[in-house]
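Inspection log for the structure reproduced underneath, given as structure tokens.
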Amino acid sequence: MIHPTSEQALAEALSSASGPLVIKGGGTRRFGTLQGEVLTTSGLSGVELYDPGALTIVAKAGTSLAEIEGVLAAENQRLAFEPPDLRGLLGREGDSTIGGVVAANASGPRRIQGGACRDFLLGVRFVDGQGRVLKNGGRVMKNVTGYDLVKLMAGSHGSLGVLSEVSLKVLPLPETTGVLQMTGLTPEAAVKAMSRALGSPFDVTGAAHATRSATGEPLTLIRLEGFADSVAYRAESLRNRLAAFGDVEIDTNPARTKALWAQVRDVAMHVGTEGDVWRISVTPSDGPAVAARLPDCEIQFDWGGGLLWVRVPFGMDVRASLEGINGHATRCSGDSLAPVFHPEPPALATLSQGLRQRFDPRGILNPGLMG
């Protein structure tokens, strides 16, 4: 295992590499099985700058997500994009790192309201496949010239370069969380209810539906956050708007609401169950159609119906369920022969290959993962 403890050592390791490398942060959210010598960023650790007043944090890529969240919580702040903890779902151990979060563009339920991880990424430093140290953006404000490498690195899964430092915008923690709950809705009705909530002026920060909850019934959840009086007013107003879908309960208990959304964020309904897990991204209105093509599968809908987490029998490839539907599917777990990521359209595949050739001409960074 290659274990650099500085950016310079990372650059030297990459420039001298003679074969494929498996890039590892905490190893908690990597999909698929890769071949090569492991290079871990865990030695690049520590918060380098935190300015609560400027809502900015800068950290080395190997810094644990738990450390980042602890530093922010001490100042009543948080990462706005709510990165999921997928250790239970994927059967992994270890500590997630902030570099791994950025490399995966890991974004939770709040994405529908605030944006994805890449939308809060101010700057990056990384080493490409030739051992060159590159930087883009800034520590406080975006300063982009040429390639927008900040956005490009988020979601590249270590295929373009190895992150050494990231700079992120953060946000204050809300005073109160309110959750509206409806039971027994079909996927079609749930997506309509979530769409009505998201189309309201009440600043919804989460909208999810599970085809099976802890009680065995389908459960639909709508989240509101903010000052207590505002949440109370918006929750009651939204309950009236959703009354046509059935009874709507409102819960503002801090422990219960936090636990509910942790379960959604971390896809708890699929933890410990048999089969392969797929992550399907579609237009929310197409979510029920995809679900109808997978009739015997339990599904968690997030992002108002646009993100489906599906548990299927071992070895099943769900991509056939997307025929005629604009979307893509990622295999998160299992030993299926299906590739991890959805095949790209020809024009996009050409562009992606061109970028990999530009940043990793030897093809040593997580080869085969992204196509």
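By convention here, the first residue in the shown sequence is residue 1. All heavy atoms count here, side chains included; hydrogens, waters and symmetry mates do not. Keep in mind that what you see is a predicted model, and the values were worked out from it rather than measured.
Not a single donor-acceptor pair under 3.5 Å links the side chain of Trp261 to the backbone N or O of Arg256. Panel note: side chain Asp119, backbone Ala116; a donor-acceptor pair is recorded below 3.5 Å. Panel note: side chain Thr330, backbone Cys332; no donor-acceptor pair is recorded below 3.5 Å. A side-chain donor-acceptor contact under 3.5 Å links Trp303 to the backbone of Gly108. Side-chain atoms of Arg118 come within 3.5 Å of backbone N or O of Ala154 as a donor-acceptor pair. Of the possible donor and acceptor atoms, one in the side chain of Arg293 sits under 3.5 Å from a partner among the backbone N and O of Ser321. Remark: side-chain polar atoms of Thr56 are paired, donor with acceptor, to backbone N or O of Ala54 under 3.5 angstrom. Within the 3.5 Å criterion, the main-chain N or O of Leu55 finds no donor-acceptor partner in the side chain of Gln77. A distance-only check finds no donor-acceptor pair linking the side chain of Asn105 to the backbone of Gly155 [under 3.5 Å]. No donor-acceptor pair under 3.5 Å is formed between the side chain of Thr283 and the backbone N or O of Asp286.
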Review point. Can Leu221 and Leu180 be said to form a side-chain contact (heavy atoms from CB on, under 4.5 Å), step by step?
Key: CA-CA 6 Å; Leu221 303 172; Leu180 286 75; over 6 Å; no

Point to revise | Derivation of the ring pair (Phe, Tyr, Trp, His ring centres under 6.0 Å) call for His328 and Phe341 | key: CA-CA 8 Å; His328 57 86; Phe341 291 98; 9.0 Å; no

Review point. Would Glu7 and Arg132 count as a salt bridge (Lys or Arg N to Asp or Glu O under 4.0 Å) if you check the C-alpha gap in whole Å, the side-chain angles of each, and the deciding distance to 0.1 Å?
Key: CA-CA 10 Å; Glu7 186 178 72; Arg132 299 179 300 174; over 6 Å; no

Check your understanding: Taking it one step at a time, do Leu86 and Thr28 satisfy side-chain contact (heavy atoms from CB on, under 4.5 Å)?
Key -> CA-CA 7 Å; Leu86 299 182; Thr28 64; over 6 Å; no

Point to revise | Working for side-chain contact (heavy atoms from CB on, under 4.5 Å), residues Glu217 and Arg212 | key: CA-CA 5 Å; Glu217 292 184 284; Arg212 179 188 56 81; over 6 Å; no

Check your understanding: Passes salt bridge (Lys or Arg N to Asp or Glu O under 4.0 Å), Arg265 versus Glu82? Steps please.
Key -> CA-CA 8 Å; Arg265 181 197 67 198; Glu82 201 172 4; 5.5 Å; no

Exercise for review: Give the C-alpha distance, both sets of side-chain angles, the deciding distance and a yes or no for side-chain contact (heavy atoms from CB on, under 4.5 Å) between Thr41 and Leu163.
Suggested key: CA-CA 8 Å; Thr41 61; Leu163 289 163; over 6 Å; no

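For the pair Lys135 and Phe126, the minimum side-chain heavy-atom distance is 4.5 Å or more. Contact annotation: the side chain of Pro20 never approaches that of Gln35 to less than 4.5 Å [non-hydrogen atoms, C-beta and beyond]. Using a 4.5 Å heavy-atom threshold, the side chains of Arg279 and Leu308 count as separate. Residues Arg196 and Leu242 form a side-chain contact, since some pair of their non-hydrogen atoms from C-beta on lies under 4.5 Å apart.
With values rounded to the nearest 0.5 angstrom, Leu355 atom CG is found 9.5 Å from Gln353 atom CD. Rounded to the nearest 0.5 Å, atoms CG (Asn366) and CG (Asp360) are 9.5 Å apart. A distance of 10.5 Å separates OG of Ser213 from CD of Glu298, quoted to the nearest 0.5 Å. Atom CG of Asp266 and atom CG of Leu89 lie 9.0 Å apart (nearest 0.5 Å). Here CG of Asp296 is found 15.5 Å from CZ of Arg311. Values are rounded to the nearest 0.5 Å. With values rounded to the nearest 0.5 angstrom, Glu225 atom CD is found 4.5 Å from Arg223 atom CZ.
Scanning for side chain to side chain donor-acceptor pair (under 3.5 Å) contacts around Arg234 gives Ser230, with sequence neighbours left out.
Around the CG atom of Asn240, the shell of radius 6.0 Å holds more than 12 heavy atoms that belong to other residues, nucleotides or ligands. Shown here is Phe314, whose CZ atom has more than 12 heavy atoms of other residues, nucleotides or ligands within 6.0 Å. Summarising the local packing, CG of Asp247 is surrounded by 12 or fewer heavy atoms from other residues, nucleotides or ligands at distances under 6.0 Å.
Apart from Leu14 itself, the hydrophobic cluster it occupies contains Ile2, Leu10, Leu21, Ile23, Leu39, Leu44, Val127, Val133, Val162, Ile364, Leu365, where clustering links Ile, Leu, Val, Met, Phe, Trp and Tyr at side-chain heavy-atom distances under 4.5 Å.
Applying the ring pair (Phe, Tyr, Trp, His ring centres under 6.0 Å) test to every pair with at least one member in residues 80-103, sequence neighbours left out, gives no pairs at all.
Of the residues Thr220, Asp302, Thr186, the one that meets the side-chain hydrogen bond (donor to acceptor under 3.5 Å, both in side chains) test with His209 is Thr220.
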